[in-house]
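Reviewing the structure listed below.
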Amino acid sequence: MGFLTGKTVLITGGGKATLSSGKPGSIGYGIATAYAKEGANIVITGRNVKKLLDAKEELERLYGVKVLPVQADISAGADNAAIAAHAVELAVAEFGGIDVLINNAQASASGVTLAQHTTEQFDLAIYSGLYAAFYYMQACYPYLAKSKGSVINFASGAGLFGNYGQCAYAAAKEGIRGLTRVAATEWSKDGINVNVICPLAWTAQLENFKNAYPEAFDKNVHTPPMGFFGDPEEHIGRVCVQLAHPDFKYMTGETLTLEGGLGLRP
């Protein structure tokens with residue numbers, strides 16, 4: 001039994017993606033695996049039902065935890081507040097509350113330059129990332145305040161460094177960084193720990209980016225100083241687990257950055 005046994009984590013974008021090598025290749029699934037090893041109840045949301053069901057089957061079989069998959073898509077034109085609220089309601093009905101919210105979901109048209117970006121492509125990034133974080137944070141707030149829980153949001157070096165071909169993605173991620181800082185300020189009185197991570201791991205999404213937009217990939221993606229890309233579970237999922245540990249409550253109001261997927265810095 002891990003220290004999160006009996007606790008419930010909601011992870012957006014938690015479906016299982018696979019690299020061309022056949023290995024697991026998604027940050028959300030890596031996070032879910034790390035939490036499963038600590039015994040947590042897991043709620044995973046996403047657009048792709050098959051990826052969610054694949055994650056549920058494997059996590060329950062390997063680690064003996066309970067996994068609730070919820071199909072949910074925050075997007076332009078949808079009743080997004082209701083979508084997020086429904087996912088949270090299902091989680092609470094199944095497990096009784098929420099202790100950790102991880103806003104990991106993000107879609108984008110990375111590789112398309114600013115001059116060529118369409119409104120639809122910009123909306124894709126802003127809604128799936130920034131608006132999703134906003135609506136899930138609002139929906140989870142009463143339960144996180146009750147549990148004195150944690151919020152872990154995901155930003156990116158794309159906004160920090162102005163990555164080529166990632167205008168909408170960078171805008172969404174910078175918005176998430178700002179939203180996180182405000183939540184850390186406002187929710188510290190409720191005992192809610194709020195942090196942001198900027199990761200770099202080798203994922204199926206990054207692999208697809210390299211194949212589809214090699215020029216943008218070469219301009220933006222460089223091997224971290226440690227000489228290898230981060231592993232979604234070992235280097236990112238474990239950091240998310242650490243941030244949910246009671247000993248990290250003293251970090252409330254701070255922002256943590258995962259440099260290149262391989263280091264934690266306050």
Side-chain angles (χ1 to χ4, degrees), residues 7-15 26-29 31-32 35 40-49 51-52 55 67-108 123-156 169 171-188 190-199 236-237 240 243-244 255:
K7 304 293 186 179
T8 299
V9 56
L10 191 159
I11 306 166
T12 69
S26 69
I27 289 176
Y29 183 74
I31 297 168
Y35 273 80
N41 302 315
I42 297 169
V43 183
I44 48 175
T45 75
R47 295 181 294 176
N48 188 309
V49 174
K51 290 181 178 180
L52 294 173
V67 180
L68 174 66
V70 180
Q71 197 280 333
D73 183 12
I74 304 295
S75 58
D79 187 351
N80 294 306
I83 290 170
H86 178 64
V88 171
E89 287 168 4
L90 291 176
V92 173
E94 181 73 17
F95 297 122
I98 294 173
D99 299 277
V100 184
L101 167 65
I102 300 179
N103 283 304
N104 161 75
Q106 179 71 67
S108 75
D123 281 347
L124 173 66
I126 298 299
Y127 277 89
S128 65
L130 179 56
Y131 271 114
F134 169 72
Y135 286 120
Y136 276 104
M137 288 171 73
Q138 282 196 329
C140 286
Y141 170 72
Y143 305 103
L144 293 169
K146 182 177 180 180
S147 65
K148 309 298 182 186
S150 300
V151 177
I152 303 167
N153 290 335
F154 275 72
S156 171
Y169 180 79
K173 292 304 190 183
E174 286 297 274
I176 289 171
R177 285 211 308 140
L179 182 66
T180 304
R181 289 181 180 275
V182 171
T185 299
E186 294 181 352
W187 292 0
S188 60
D190 301 303
I192 302 173
N193 201 34
V194 185
N195 290 289
V196 64
I197 292 176
C198 300
I236 298 173
C240 290
L243 289 174
T255 299

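Note that the coordinates shown come from a computational prediction; the quantities given were computed from them, not determined experimentally.
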Counting N and O atoms only, with roles assigned by atom type, does the side chain of [X] sit under 3.5 Å from a partner on the main chain of [Y], one being a donor and the other an acceptor?
X	Y	answer
Thr8	Val43	no
Ser147	Ile98	yes
Tyr35	Cys240	yes
Asn104	Ile11	no

_I want to check something: taking the side chain as every heavy atom from C-beta on, are Ile152 and Ile31 in contact at a cut-off of under 4.5 Å?_
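Counting from C-beta outward, Ile152 and Ile31 never come under 4.5 Å.
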
_Quick one, Leu52 and Asn48 - any side-chain contact, counting heavy atoms below 4.5 Å?_
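In short, these two side chains do not touch, never coming nearer than 4.5 Å.
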
*With sequence neighbours left out, what residues match Phe95 under ring pair (Phe, Tyr, Trp, His ring centres under 6.0 Å)?*
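Listed in chain order: nothing, the list is empty.
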
*Thr12: what forms a side chain to side chain donor-acceptor pair (under 3.5 Å) with it, not counting sequence neighbours?*
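Scan of Thr12 (side chain to side chain donor-acceptor pair (under 3.5 Å), adjacent residues dropped) gives none.
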
*Please name all residues satisfying side chain to side chain donor-acceptor pair (under 3.5 Å) with Ser156, sequence neighbours left out, ordered by chain then number.*
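Side chain to side chain donor-acceptor pair (under 3.5 Å) check on Ser156 returns nothing, list empty.
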
*Quick one: OG on Ser150 to CG on Leu144, what's the gap to the nearest 0.5 Å?*
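It is 8.0 Å, given to the nearest 0.5 Å.
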
*Spacing of CD1 belonging to Ile176 relative to CZ belonging to Arg181, to within rounding of 0.5 Å*: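 Nearest 0.5 Å value for the CD1-CZ distance: 13.5 Å.
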
*Does any pair with a residue in residues 76-103 pass side chain to side chain donor-acceptor pair (under 3.5 Å), and if so which ones, sequence neighbours excluded?*
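Every side chain to side chain donor-acceptor pair (under 3.5 Å) pair that includes a residue of residues 76-103, provided the two are not neighbours, is Asn103-Asn153.
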
*Any side chain to side chain donor-acceptor pair (under 3.5 Å) pairs touching residues 134-144, not counting sequence neighbours?*
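The answer is Tyr141-Asp190.
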
*Plane angle bin for Tyr127 and Tyr131 - parallel if under 30°, tilted between 30 and 60°, otherwise perpendicular*: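 Plane angle under 30°, so parallel.
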
_side chain to side chain contact (heavy atoms under 4.5 Å, CB included) for Leu10 and Thr45? Distances and angles first, verdict last._
CA-CA 8 Å; Leu10 191 159; Thr45 75; 4.1 Å; yes

Taking all atoms of both residues into account, what is the closest heavy-atom pair of [X] and [Y], and its distance?
X	Y	result
Ala32	Ile42	O-CD1, 3.3 Å
Gln106	Tyr169	CG-CE1, 3.5 Å
Ser128	Ala107	OG-N, 2.9 Å
Leu243	Asn193	O-ND2, 3.4 Å
Ala125	Ser108	CB-CB, 4.1 Å
Pro199	Ile236	CB-CD1, 3.4 Å

*Decide side chain to side chain contact (heavy atoms under 4.5 Å, CB included) for Lys7 and Val100; before the verdict, give the C-alpha distance in whole Å, the side-chain angles of both, and the deciding distance to 0.1 Å.*
CA-CA 8 Å; Lys7 304 293 186 179; Val100 184; 6.0 Å; no

Please report, to 0.1 Å, the donor-acceptor pairs under 3.5 Å made by any side chain of residues 69-76, with sequence neighbours excluded.
residue	atom	partner	partner atom	Å
Gln71	NE2	Arg47	O	3.3

